[in-house]
Amino acid sequence: MTRNTPPTETQLDTLRSWLEDSRRITVLTGAGMSTESGIPDFRSENGIWQDEALLGAMTDHHLREDPEDFWPKYKRTFLAPEYLRAEPNAGHRALARLEQLGKRVTVITQNVDGLHQLAGSSDVLEVHGSARIARCPRCGSEYGLDHILASDIPRCTWEDQKGAVCGRILHPDTVLFGQPIRHYEKSLYAIHACDLLLIVGTSLTVEPVASLPHFADHAATRIVLINLDETPFDPHADLLIHAKAGEVLARCVPQSA
Ligand code: CNA
């Protein structure tokens, strides 16, 4: 159920003082972090996965079986115009500011849009990879967004010494259903070692990310959850705010050091 209840002053004051007290902050973000940048999330009422044909096609199996059908659907899902013109919002910028305030911050993100890095966060674990990169499954050559967007079905252009072009259809760096997530151990460590865990804009419905917050050390870590909808982790949060992430974070992180 979507709440978007305006946060109370008491909630905001609590978050402000916990942010000030903390030295080591870990942030776990999902698609709800980027909706205020104009990128739709996955499982909300207007989420991307309402289109079941897209959901069913974003699998490792489909990429290998039918890459020519996969790529246009992948581009509709992760490289749509709203993705390409998106910029960091007030929430991304507030998280980046925490570093300027002297906090040690690790961002674990399920998002593939690169907006945390664009905002200035320096320690970002992209557990679902990046939509800005694709690789050749044969020779491993890596390509950026310009090459990915230059043709409907991006192929490897690497040439061997005799001038023969590799030509294989590329694989996106984005983690697809059926593929393992990245940086799992580093994420566990960052969650276990922090004194403040911020969980922002994620439905926490898909494993293994859904279980990550359970690895926090409850005796040593305060847990804040900011999400419009209810999540299975709500009962475990020390501070629960059902409101827009960008608005809440912008109001709680000071503008400058
Ligand atoms: P999700 O499941 O769509 O959840 C997003 C949550 O954010 C929802 O509960 C919303 O209520 C909430 N929300 C939306 N807007 C806001 C806002 N402004 N402020 C606060 N909360 C908001 O998205 P998740 O990232 O949790 O996705 C997990 C899905 C997407 C899994 O199936 C993944 O495998 C899949 N996936 C995601 C990405 C990605 O880029 N996020 C990449 C690859 C796969």
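We count ligands from 1, going down the list as the structure has it; atoms in each ligand are counted the same way. Each residue takes its place number in the sequence, starting with 1.
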_Stepwise ring-ring contact (aromatic ring centres under 6.0 Å, His included) check, F177 with H61_ = CA-CA 9 Å; F177 291 111; H61 180 257; over 10 Å; no

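- With hydrogens and angles disregarded, a donor-acceptor distance shorter than 3.5 Å links the side chain of H192 to the backbone of F215.
- For ligand 1, the atoms closer than 4.0 angstrom to any heavy atom of G30 are 25 (O).
- Comparing heavy-atom distances from atom 20 (C) of ligand 1 across A243, G246, S130 singles out A243 as nearest.
- In terms of polar-atom proximity, defined here as any N/O pair under 3.5 Å, V112 does make such a contact with ligand 1.
- A distance of 5.0 Å separates CZ of R251 from CG of L12, quoted to the nearest 0.5 Å.
- For ligand 1 and A31, the ligand atoms under 4.0 Å from any heavy atom of the residue are 23 (O), 24 (P), 25 (O).
- Ligand-side atoms of ligand 1 in range of V206: 31 (C), 32 (O), range being under 4.0 angstrom from any heavy atom.
- Residue I241 holds its CD1 atom at 11.5 Å from CG of N227, rounded to the nearest 0.5 Å.
- Only side-chain heavy atoms of T35 come within less than 4.0 Å of ligand 1; its backbone N, CA, C and O stay farther off.
- Inspection of the S130 and D173 side chains reveals no N or O donor paired with an N or O acceptor under 3.5 Å.
- With E36, E126, Q110 as candidates, the residue nearest to atom 38 (C) of ligand 1 on a non-hydrogen basis is Q110.
- Against a heavy-atom cut-off of under 4.0 Å, D229 is close to the following atoms of ligand 1: 8 (C), 9 (O), 10 (C), 11 (O).
- Heavy-atom contacts from other residues, nucleotides or ligands closer than 6.0 Å to NE2 of H236 number more than 12.
- Listed by number with element, the atoms of ligand 1 under 4.0 angstrom from any heavy atom of N227 are 6 (C), 7 (O), 8 (C), 9 (O), 11 (O), 12 (C), 20 (C), 21 (N).
- When only interatomic distances are considered, the shortest N/O to N/O separation between N111 and ligand 1 falls below 3.5 Å.
- Short contacts between ligand 1 and F78, defined as distances under 4.0 Å to a heavy atom of the residue, involve ligand atoms 42 (C), 43 (C).
- Residue contacts with ligand 1, taken as heavy atom pairs separated by less than 4.0 Å, involve D41 via backbone and side-chain atoms alike.
- Judged purely by distance below 3.5 Å, without hydrogens or angles, the side chains of T231 and D234 pair a donor atom with an acceptor atom.
- Residue S203 has at least one heavy-atom neighbour below 4.0 Å for each of these atoms of ligand 1: 1 (P), 2 (O), 4 (O), 5 (C), 6 (C), 9 (O), 26 (O).
- H116 contributes no side-chain N or O that, together with a main-chain N or O of P88, makes up a donor-acceptor pair within less than 3.5 Å.
- For ligand 1, the atoms closer than 4.0 angstrom to any heavy atom of G201 are 5 (C), 6 (C), 7 (O), 21 (N).
- T109 and T29 form a side-chain donor-acceptor contact under 3.5 Å, judged by distance and modelled atom types alone.
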